[in-house]
*Asks:* 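What follows is a single structure, and I will ask about it in a moment.
Predicted model only: the values in this text are computed from it and were never measured. Chain letters run A, B, ... following the sequence lines, proteins first, then strands; residues in each count from 1.
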Amino acid sequence: MAGDPTGSLIASIPKLNAHNHQDWKFALEGEWEPTDELSGVLSRCRMLYGAGMGVNALTVLTDVVKESVGVTWKEDSRMEEMLALVDTDLCQAIQSAKEEMDRVGGKGADVEAARKAREKLRDALMASREDARRLVEAVITTSSPQELLIIEHDLNTDGPNVQASTKTADAVDDVKPKKRGVKKEEKDDDAKKAAAKKKKEEEEEEATYKWWEQQNADRDGSMKWMTLQHNGVYFPPPYEPLPKHVKMKYNGEPVDLPPESEEVAGFYAALLESPHAQDAVFNKNFFDDFLKVLKKSPPRNGIKITRFELCDFRPMYEYFEAEKEKKKSMTAAEKKAAKAAKDELEAPYAFCYLDGRKEKVGNFRIEPPGLFRGRGDHPKKGALKLRVRPEDVTINIGKDAPVPKPNVPGNWKEVVHDNTVTWLANWVENVNGNYKYVFLAAGSSLKGQSDMQKFEKARELKKHVDTIRADYNRDLKNKQMMERQRATAMYFIDKLALRAGNEKGEDEADTVGCCSLRCEHVTLLPPNKLVFDFLGKDSIRYYNEVQVEDQVYKNIRIFKDNKEDDDELFDRVNTGALNRHLQSYMKGLTAKVFRTFNASLTFQDLLDRGTPEKGTVQEKLNAYNHANRMVAILCNHQRAVPKSHEQSMSKMREKLRGLKYERMKLRHALFAIDPKYKKKKKYAEPESDLDDDAIATHEETMKAKDIEKAEKKFQKDNEKLEAEGKKPQAESVLKEKIKEIEAEYKRLKKERGTEKHALKKERPTEKIEEAIEKLDDKIKTFKLQMEDREAGKEVALSTSKINYLDPRITVAWCKANDVPVEKLFSKTLLTKFPWAMEVDPDWKF
DNA sequence: TTGGTGACTTAGCAACCGACTC
DNA sequence: GAGTCGGTTGCTAAGTCACCAA
């Protein structure tokens, strides 16, 4: 993009949020209003500075310039250096002016001092503006490294306050060095270089900050941070009414809804073709809430809506679908531009500064309003989830950090400074009264530390698990019913990886875990089998027929005795008591730790035993996926069979048949050349599953494909001829071609089963042998892939990988087996587990 | 001991995205 | 360049568990 006119580049910088601008104006008491075209650039600096983001004008300018000129120059490290040299003075000037202003502002009485401080700050900003202008202009009018060097030199000798140049390509000429005393020049250079170096070091430190190598002896576990700065949360844009012609109907009549009720109708309309709209509870809850909204915001054309079955949301649904299509058909450039604009708006919320380090925020977007999509038989599904306003949101931020302003009108519910928690914002949602939180991203130091601690705790359990198991096995016969129930529950938690199973309320889906199992969920199957059948978390069915110790079987029979189906199986045990008991063995031990412990330990064990030492990468990956799948099955991590699964399997089967067919033809070619190959075992055996029927099916498929190809080619050729003003080929040409194809397949059919059924082209036997070898490898790998896919169609591998498998197991295994870790960890997982990347190949869980 | 509250992790699904094929 | 497909990411519901007051 270098060389673009300044205007268009500046125009591409998205506008600021109004409140940030006002912030700044407030700071300057209206004495200075940016008017030139670079105000956008400077606003970014002001916004971040105003929001107390620990401003570094260099970073801001660098970002802005990068955004302005696109990617071309990003790779030019000289440019980075140049920017670093330019901006250090400016940065310091702004910082000191701001500090002074804060100081005198705090006293309140010294009007004159405050005025001077404001002036200082304004001057610093004006300098910033000139620098920004020069930088942007220089960069956009520059395309070669040589020119950049000239500018670098110019900027070094001029200092930050030089006059702005013109905004055309002449700019480079305009920034020629001005004479200055050598000593001062050297001094400036040294200071700038030192500051730039420091800055670079800071950036590098930020990029490679390894919290897992730091000692946090100065902090007890309860303090999560010392300083915290952020820009709050991002509220979704307000509702935009639909075009006038798009209206729901009631009893066949269009309904003129005001925006408040139209928005709610739209929530439902969008789900019209989803299973939700077929759900009676969902529909009832939605309609009850819709009626409440209609009472406040009734149709403007007087229609009275009272019956759900007379509502027709289809016009709205069709409009939404059309809009989706429109969005889909946008060009790549349009999509990119839209995304860039969205990113720009959201950028201030995506990061925070925790103890001075830049960290990514996870879910900084406030959940938009909609209909509650509870899972399973949730009694409240379909209820209206209200729009969250700033008045609903509490912000948690450092004491000294400036309080951000919401991006929509309104004020925060509360601003707190609680450094014993990790959330940046929270609110209570209206449907279930649950708290919702904004936390740091999964790759942040806080989440990473907590993750690592979780796995370390699970590893610590190794030291205690023998004692615990011995105790609960003993207590299976305990005369105290409570202890016997507890021991049995622990047996299930340990052996079957069941969840703890807290009590649930009436207004939630009826799901259970270990402690909340009811008699109906466990059936006795003599002599010693138990059948578990219940809905667990997320209403996912847990079904397991499992052979248990005789004593466990006996206990369940006793616990069920004289009870109704819907009575609690463990009526003397709850999660609280169970966890308190576990704490007596090990600090921090709870039922949940057993799941992590058993998942990781099983995984490690399966990898150790199942990885083929001399296998191919694919074979090793299969062993890994197998181990991963076993853990996912243990933890009951299910997923819906992908819609395209059967289709994709059938394609794979077809491809495999093709590979085998190719092999058969190669074999036959060998036989045709030299019949003694027939006696070699390697070539004598026919391909498995490739009987006459399979060959016939395959040849039919190939024939159909060849004919289709010929038809397409014929059509394309004719179009080309017509475009050139030539006469198109006659239909007979196509017919002749198809005839040829059919003849070829007829020949193949006739020769089927004989060595004539071979390749047409003659090749030396060594080449054919080589080709068979390659095909064998290909078939083997492909079969493994197919098996893997089929076995995993109902199992979600990602949940265990993200939550239960110590990442160090994976990393060490990859190192020991020469498998690139990228094959197993996506970008997100690599970011989530940086602390695991340095383990030795022989590390074990 | 119990029940409620608050903070955090775990979970499946849908939308998105990028590689691949034609 | 368009269409397909499968993996990845974002979203938010649904768990676990500590803590506190009664």
*Asks:* Any protein N or O atoms within reach of nucleotides 6-8 of chain B? Criterion: under 3.5 Å, listing atom names and distances.
*Replies:*
| residue | atom | partner | partner atom | Å |
| --- | --- | --- | --- | --- |
| B:dG6 | OP1 | A:Y435 | OH | 3.0 |
| B:dG6 | OP2 | A:Y435 | OH | 2.2 |
| B:dG6 | O5' | A:Y435 | OH | 3.2 |
| B:dA7 | OP1 | A:W423 | NE1 | 3.3 |
| B:dA7 | OP2 | A:N426 | ND2 | 3.4 |
| B:dA7 | OP2 | A:Y437 | OH | 2.9 |
| B:dA7 | O5' | A:Y437 | OH | 3.4 |
| B:dC8 | OP1 | A:T422 | N | 3.4 |
| B:dC8 | OP2 | A:T422 | N | 3.1 |
| B:dC8 | OP2 | A:T422 | OG1 | 3.1 |

*Asks:* Let me spell it out: for each of A:Q638 and A:N574, pick the nucleotide of DNA chain B with the closest heavy atom. Which residue's pick is nearer the 5' end?
*Replies:* A:N574
*Asks:* Please determine whether a side-chain nitrogen or oxygen atom of A:K436 lies at a distance below 4.0 Å from atom OP1 or OP2 of C:dC11.
*Replies:*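 So the side-chain polar atoms of A:K436 never come under 4.0 Å of the phosphate oxygens OP1 or OP2 of C:dC11.
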*Asks:* Sequence neighbours excluded, which residues qualify as ring pair (Phe, Tyr, Trp, His ring centres under 6.0 Å) partners of A:Y234?
*Replies:* A:Y349
*Asks:* The criterion is salt bridge (charged side-chain N to carboxylate O under 4.0 Å, His left out); which residues satisfy it with A:E391, sequence neighbours excluded?
*Replies:* none
*Asks:* Contact class for A:P275 vs. all strands (heavy atom < 4.0 Å): base, sugar-phosphate, or nothing?
*Replies:* nothing
*Asks:* In whole angstrom, give the distance that lies between atom CZ of A:F320 and atom P of B:dA15.
*Replies:*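 The answer, rounded to whole Å, is 14 Å.
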*Asks:* Rounding to a whole Å, what distance do you find between A:F364:CZ and C:dC11:C1'?
*Replies:*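 Going from A:F364 (CZ) to C:dC11 (C1'), I get 12 Å.
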*Asks:* With sequence neighbours left out, what residues match A:F492 under ring pair (Phe, Tyr, Trp, His ring centres under 6.0 Å)?
*Replies:* A:F532
*Asks:* Could you check whether the rings of A:H581 and A:Y585 sit parallel, tilted or perpendicular, using 30° and 60° as the cut-offs?
*Replies:*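 Because their plane-to-plane angle is over 60°, the rings of A:H581 and A:Y585 count as perpendicular.
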*Asks:* According to side chain to side chain contact (heavy atoms under 4.5 Å, CB included), who are the partners of A:E822, at least two apart in sequence or on a separate chain?
*Replies:* A:P820, A:L830
*Asks:* Report the residues that fulfil ring pair (Phe, Tyr, Trp, His ring centres under 6.0 Å) with A:Y239, sequence neighbours left out, ordered by chain and then residue number.
*Replies:* none
*Asks:* Using the ring pair (Phe, Tyr, Trp, His ring centres under 6.0 Å) criterion, which residues pair with A:Y491? Sequence neighbours excluded.
*Replies:* none
*Asks:* Are A:F372 and A:H378 close enough that their ring centres sit under 6.0 Å apart?
*Replies:* yes
*Asks:* Could you write nucleotides 14-22 of chain C as a row of B, S and -, 5' to 3', where a protein heavy atom under 4.0 Å of any base atom gives B, of only sugar-phosphate atoms gives S, and otherwise -?
*Replies:* BSBBS----
*Asks:* Applying the side chain to side chain contact (heavy atoms under 4.5 Å, CB included) test to A:S800, which of A:T596, A:N628, A:L634, A:I633 qualifies?
*Replies:* A:N628
*Asks:* Quick check against the 3.5 Å criterion: does A:E429 have a side-chain atom that pairs as donor or acceptor with the backbone of A:N434?
*Replies:*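 The answer is yes, because a donor-acceptor pair under 3.5 Å joins these two groups.
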*Asks:* Take atom CD of A:E506 and atom P of B:dG3, then tell me their distance rounded to the nearest Å.
*Replies:* 13 Å
*Asks:* Is any side-chain heavy atom of A:E367 less than 4.5 Å from a side-chain heavy atom of A:W427?
*Replies:*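 A:E367 reaches A:W427 side chain to side chain.
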*Asks:* Please produce a list of atom pairs where a protein N or O lies less than 3.5 Å from an N or O of nucleotides 17-22 of chain B.
*Replies:*
none

*Asks:* Measure the distance from CG on A:L797 to P on B:dA11 and round it to the nearest whole Å.
*Replies:* 13 Å
*Asks:* Just how far, in rounded Å, is P of B:dA15 from CD of A:E273?
*Replies:*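 The answer, rounded to whole Å, is 14 Å.
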*Asks:* Remember a base hit wins even if backbone is also touched, and classify A:K381 as base, sugar-phosphate or nothing at under 4.0 Å, heavy atoms.
*Replies:*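 No contact.
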*Asks:* In whole Å, I'd like the distance from the CG atom of A:L578 to the P atom of B:dT1.
*Replies:* 14 Å
*Asks:* With sequence neighbours left out, what residues match A:D533 under side-chain hydrogen bond (donor to acceptor under 3.5 Å, both in side chains)?
*Replies:*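 side-chain hydrogen bond (donor to acceptor under 3.5 Å, both in side chains) list for A:D533, sorted by chain: A:R541.
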*Asks:* Indicate whether OP1 or OP2 belonging to C:dA13 is found under 4.0 Å from a side-chain N or O atom of A:K380.
*Replies:*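 No, outside the criterion.
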*Asks:* Could you tell me the separation between the CD1 atom of A:I540 and the P atom of C:dA13, rounded to a whole number of Å?
*Replies:*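 Rounded to the whole Å, the gap is 16 Å.
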*Asks:* In this structure, how many angstroms lie between the P atom of B:dT9 and the CG atom of A:D806, rounded?
*Replies:*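 Interatomic distance, CG of A:D806 to P of B:dT9: 16 Å.
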*Asks:* Kindly write out the residues that satisfy salt bridge (charged side-chain N to carboxylate O under 4.0 Å, His left out) with A:K454, not counting sequence neighbours, or none if the list is empty.
*Replies:* A:D451
*Asks:* Apply side chain to side chain contact (heavy atoms under 4.5 Å, CB included) to the pair A:K457 and A:L461, showing each step before the final yes or no.
*Replies:* CA-CA 6 Å; A:K457 201 188 280 174; A:L461 176 53; over 6 Å; no
*Asks:* Pick out the pairs of N or O atoms, protein on one side and nucleotides 6-10 of chain C on the other, that lie under 3.5 Å.
*Replies:*
| residue | atom | partner | partner atom | Å |
| --- | --- | --- | --- | --- |
| C:dG6 | OP1 | A:S648 | OG | 3.0 |
| C:dG6 | OP1 | A:R789 | NH1 | 3.2 |
| C:dG6 | OP2 | A:S644 | OG | 3.1 |
| C:dT9 | OP1 | A:T828 | OG1 | 3.0 |
| C:dT9 | OP2 | A:S826 | OG | 2.9 |
| C:dT9 | OP2 | A:T828 | N | 3.4 |
| C:dT9 | OP2 | A:T828 | OG1 | 2.2 |
| C:dT9 | O5' | A:T828 | OG1 | 2.9 |

*Asks:* Contact class for A:N396 vs. all strands (heavy atom < 4.0 Å): base, sugar-phosphate, or nothing?
*Replies:* nothing
